[in-house]
Amino acid sequence: MANVIVLGTQWGDEGKGKIVDFLTPSFDVIVRYQGGHNAGHTVYFKGKKLVLHLIPSGILHANKLCVLGNGIALNPKAFLEEISCLRSLGLKIDNNIVLSRQAHLIMPYHELLERWTEEKRGEKKIGTTCRGIGPAYEDKAARIGIRVGDLLDLKVLREKIEENVAWKNEWLKLASYSELKAEEIFREYAGYAEQIAPYIQDVSTLLAKLIKEKKRILFEGAQGTLLDIDHGTYPYVTSSNSSAGGACTGTGVGPTKINAVLGVAKAYITRVGGGPMPTEIGGNIGRLFQERGDEFGATTGRPRRCGWFDAVAVAYACRVNGIDRIALTKPDVLDVFDEIKVCVSYRYRGELIKDFPPEPWILEKVEPEYRILKGWKTNLHGLRDYSQLPPAFLDYVHFLEEAIEAQVVIISTGMEREETIILEGKIDDLIDQKAIKSEII
Ligand code: IMP
């Protein structure tokens, strides 16, 4: 069985949490490789809605090891809160969570600096989650970051906090914020250190050992490809590599040890925060998408901008990630439409474009060109069997497959695990269907 990356092919919120949760029985280890508590994976556990920000949803299954790689930006308070929430659900988690000693810590000044930068950007603001993610990665690239492993030596931790706070106070003064006190931050983080220490390990070494033991690993992407710092719609992106390459750099596992990349795509598209989105629909139809799809941010509660499926964007995501197989989510949101649009190309200054241009200054001027398909006008919600899928919907699926040059291998028809259809014979090399079915009641 294979080691697989599962990631989003749009601007996040594709339903990765549900797909990862569904596939988890087929794997031994679930690894997050980038991002921080800006992500929000909504899952249902014993009938309760649960939003996980940092810890992979694999933790809800018995005996799965959940690993946070070095590519993560970790807010220790958020991490510990999530652990206590999971404990309150009666889950035994102590030996099942591992945190890379090379992951970077989010510090109190990161959030302050981010709020200030966003304010300064005015109309051009990114619309970040204001969780301090960007500034934590800035410090990583500037080589002044404080890492999870630094929590293990309080002398080192104190020194690094003192240096950083002295520096950051200069900025905070410019922003007219009050000065921070290094000693207070040190005491707070020394408190976290004691609680976090048992989870800290060398993740690259651990994963290499598990791979040798033939354990199966699922790498779980956060955000989506179009929010990737390199391949997304820069600067309207997050500050890490959410695309497939991030799984290697964010864990210390080499690319030859990963066998496949499964993309997750929603049957339409959404975006939270600023930046262009060619197929965005406003007005009543946009609101209908929002309501039917419950498109409100899992982390910030902000309404998501909604639009028709953009095959130009998803084909691009398939290319940069090497995706040839897709899990299609939430097609039931489209059940009510007579006609369904799919964007197949853009027109820019009179010219036809088929390759997605990531520059926002081009994207905001492109005109999407649509193919109009017949709606299926029947209920897809909760369907569990391929034979129940209406022909007009299958035509839509085949059309998408051609447009994005990838095969649809999983169709999700609802939030529950059982509301998922695996297409016969198309993913047997990656997953153990018997293990998956054994967890579906
Ligand atoms: P940041 O990651 O907080 O720096 O935000 C940068 C951009 O990524 C903003 O447009 C956010 O709305 C977006 N973003 C960050 N995390 C997520 C997510 O989990 N889903 C969707 N959008 C996200």
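Numbering of residues begins at 1 and proceeds along the displayed sequence. Not measured: the values here are computed from a predicted model. Read the numbers this way: they start at 1 and go in the same order the structure lists the ligands and their atoms.
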Knowing that exactly one of V29, I59, L52, N96 qualifies, which makes a side chain to side chain contact (heavy atoms under 4.5 Å, CB included) with C66? I59
Backbone of G17 reached by a side-chain donor or acceptor of D21 within 3.5 Å: no
Distance under 4.0 Å to a non-hydrogen atom of W11: what atoms of ligand 1 satisfy this? 21 (C), 22 (N)
Out of A39, G273, G127, G40, indicate the one that has the non-hydrogen atom closest to atom 11 (C) of ligand 1. G127
So does K266 pair up with E295, basic N to acidic O under 4.0 Å? yes
Is K426 salt-bridged to D324, going by a charged N under 4.0 Å from an acidic O? no
Just which atoms of ligand 1 are under 4.0 Å from any heavy atom in D13? 20 (N), 21 (C)
Nitrogen or oxygen atoms of T128 and ligand 1 under 3.5 Å apart: no
Hey, could you give me the CG/OG1 distance between L7 and T225, rounded to the nearest 0.5 Å? 5.0 Å
Option whose closest heavy atom lies nearest to atom 7 (C) of ligand 1, chosen from V237, V272, I133: V237
Measuring from the heavy atoms of R131, does anything fall under 4.0 Å of ligand 1? no
Are any of the side-chain nitrogens in E220 or K16 under 4.0 Å away from the carboxylate oxygens of its partner? no
Among all protein heavy atoms, pick the one closest to atom 14 (N) of ligand 1 and tell me residue, atom and distance. L227 CD1, 3.9 Å
N or O contact, S239 vs ligand 1, cut-off under 3.5 Å: no
Ligand 1 versus Y236, non-hydrogen atoms closer than 4.0 Å: side chain, backbone, both, neither? neither
At a 4.0 Å threshold, what atoms of ligand 1 neighbour a non-hydrogen atom of R302? 11 (C), 12 (O)
May I ask you to identify the nearest protein heavy atom to atom 3 (O) of ligand 1, giving residue, atom name and distance to one decimal place in Å? T129 OG1, 2.5 Å
Are D202 and R101 ion-paired here, with the side-chain N under 4.0 Å from a carboxylate O? yes
Nearest option to atom 1 (P) of ligand 1, as decided by whichever heavy atom of I126, T238, L226, T233 sits closest: T238
Less than 4.0 angstrom from a charged side-chain N to a carboxylate O is my criterion; do R325 and E401 meet it? no
Quick one: pull up CD1 in I196 and CG in L74 and give me the separation to the nearest 0.5 Å. 5.5 Å
Taking a cutoff of less than 4.0 Å between a non-hydrogen atom of the residue and any ligand atom, is R304 in contact with ligand 1? no
Just need the protein heavy atom nearest to atom 17 (C) of ligand 1, so name the residue and atom and give the distance. Q223 CG, 3.5 Å
